[in-house]
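Lettering of chains follows the sequences in order, A, B, ..., and the numbering in each one begins at 1.
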Amino acid sequence: AQSVTQLGSHVSVSEGALVLLRCNYSSSVPPYLFWYVQYPNQGLQLLLKYTSAATLVKGINGFEAEFKKSETSFHLTKPSAHMSDAAEYFCAVRLGGYQKVTFGTGTKLQVIP
Amino acid sequence: NAGVTQTPKFQVLKTGQSMTLQCAQDMNHEYMSWYRQDPGMGLRLIHYSVGAGITDQGEVPNGYNVSRSTTEDFPLRLLSAAPSQTSVYFCASRAGTSGYNEQFFGPGTRLTVL
């Protein structure tokens with residue numbers, strides 16, 4: 001079985017500050033990992049995904065995430081927050097091709113001017 | 001490509017009514033899913049399909065029914081609506097068997113059951 005834990009349902013940062021959104025997973029086999037972003041009143045869209053080619057993954061809008069197997073983590077970061085980054089972010093894990101995706105409970109990011 | 005489309009965008013039902021939420025994708029994706037999103041609970045899988053004619057239950061299937069007669073369409077039926085089914089519903093699709101393939105989401109249907 002797999003599970004995903006996102007620490008902090010709400011995170012506030014100042015514009016220009018570092019963004020760090022935490023995701024830890026539980027899996028008995030190497031997982032497929034994803035971060036999705038949801039802007040208000042919209043569906044989810046892919047931010048980035050771990051493909052095992054590199055532990056540091058770069059995504060859209062300046063976000064990146066680092067896969068740390070020893071810590072079972074896949075934290076999302078961005079060096080400098082923009083107002084447009086205000087959204088809800090979901091970490092997701094899947095064990096295999098036809099396996100179901102499990103989503104975390106989400107972290108709402110607020111960016112303060 | 002339109003991607004994943006959902007209709008309606010908003011719906012209000014009375015307890016006991018039935019309805020169908022429509023979902024269609026034009027990307028020839030094999031895998032389609034229905035999720036509900038509730039505050040503080042993330043997305044929970046209702047039903048999914050790995051191809052036409054093949055469906056299976058997710059973690060919260062009670063009160064919902066699905067069928068998949070074509071690759072493109074995956075409707076979700078509420079059999080007898082209850083206030084506990086007030087939620088935002090998302091349909092998603094993805095290609096093939098690779099675990100790296102991401103899901104593409106529709107814009108959602110906001111359902112209120114009175």
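- For B:Y35, the part sitting under 4.5 Å from any heavy atom of chain A is the side chain, from C-beta outward, and nothing else.
- Under a hydrophobic-cluster definition in which Ile, Leu, Val, Met, Phe, Trp and Tyr are linked whenever side-chain heavy atoms come within less than 4.5 Å, directly or via other members, B:Y48 and B:Y100 are assigned to the same cluster.
- For B:L45, the part lying near chain A is the side chain, with the backbone staying farther off; criterion is any non-hydrogen pair under 4.5 Å.
- Heavy atoms closer than 4.5 Å to chain A are found in the side chain of B:R110, but not in its backbone.
- In this structure, A:F90 has no ring-ring contact (aromatic ring centres under 6.0 Å, His included) partners at least two apart in sequence or on a different chain.
- Atom NZ of B:K9 is separated from atom CG of A:N41 by 10.5 Å, given to the nearest 0.5 angstrom.
- When heavy atoms are compared at a cutoff of 4.5 Å, B:Q6 does not approach chain A at all.
- Listed here is the closest heavy atom pair of B:F90 and A:Q38: CZ-NE2, 3.2 Å.
- Here the CD-CD distance, from B:E102 to A:Q45, works out to 11.0 Å after rounding to the nearest 0.5 Å.
- Under the 4.5 Å side-chain heavy-atom criterion for grouping Ile, Leu, Val, Met, Phe, Trp and Tyr, B:M19 is connected to B:I46 within one hydrophobic cluster.
- For A:T51, the parts lying near chain B are the backbone and the side chain together; criterion is any non-hydrogen pair under 4.5 Å.
- Residue A:F34 holds its CZ atom at 7.5 Å from CG of B:N101, rounded to the nearest 0.5 Å.
- Of all the heavy atoms in B:F105 and A:L44, the pair that sits closest is CB-O, 3.4 Å.
- Put simply, B:V60 and B:Y89 are part of the same group of oily side chains (I, L, V, M, F, W, Y) that touch within less than 4.5 Å, one to the next.
- A single hydrophobic cluster is seen to contain both A:M83 and A:L21, as judged by linkage of ILVMFWY side chains at heavy-atom distances under 4.5 Å, directly or through other members.
- Summarising the geometry, atom CD belonging to B:Q103 is positioned 5.0 Å from atom CZ belonging to A:F103; distances are rounded to the nearest 0.5 Å.
- Both the backbone and the side chain of A:V101 come within contact range of chain B, with heavy atoms under 4.5 Å apart.
- No path of Ile, Leu, Val, Met, Phe, Trp and Tyr side chains, each step under 4.5 Å between heavy atoms, connects A:L20 with A:V57, placing them in separate hydrophobic clusters.
- Heavy atoms of A:L46 lying under 4.5 Å from chain B belong exclusively to its side chain.
- Contact of A:Q6 with chain B is not made at all, since no heavy-atom distance falls under 4.5 Å.
- To the nearest 0.5 Å, atom OG1 of residue A:T102 and atom CG of residue B:L43 are 11.0 Å apart.
- Looking at A:Y50, the atoms closer than 4.5 Å to chain B (heavy atoms on both sides) all sit in the backbone: N, CA, C or O.
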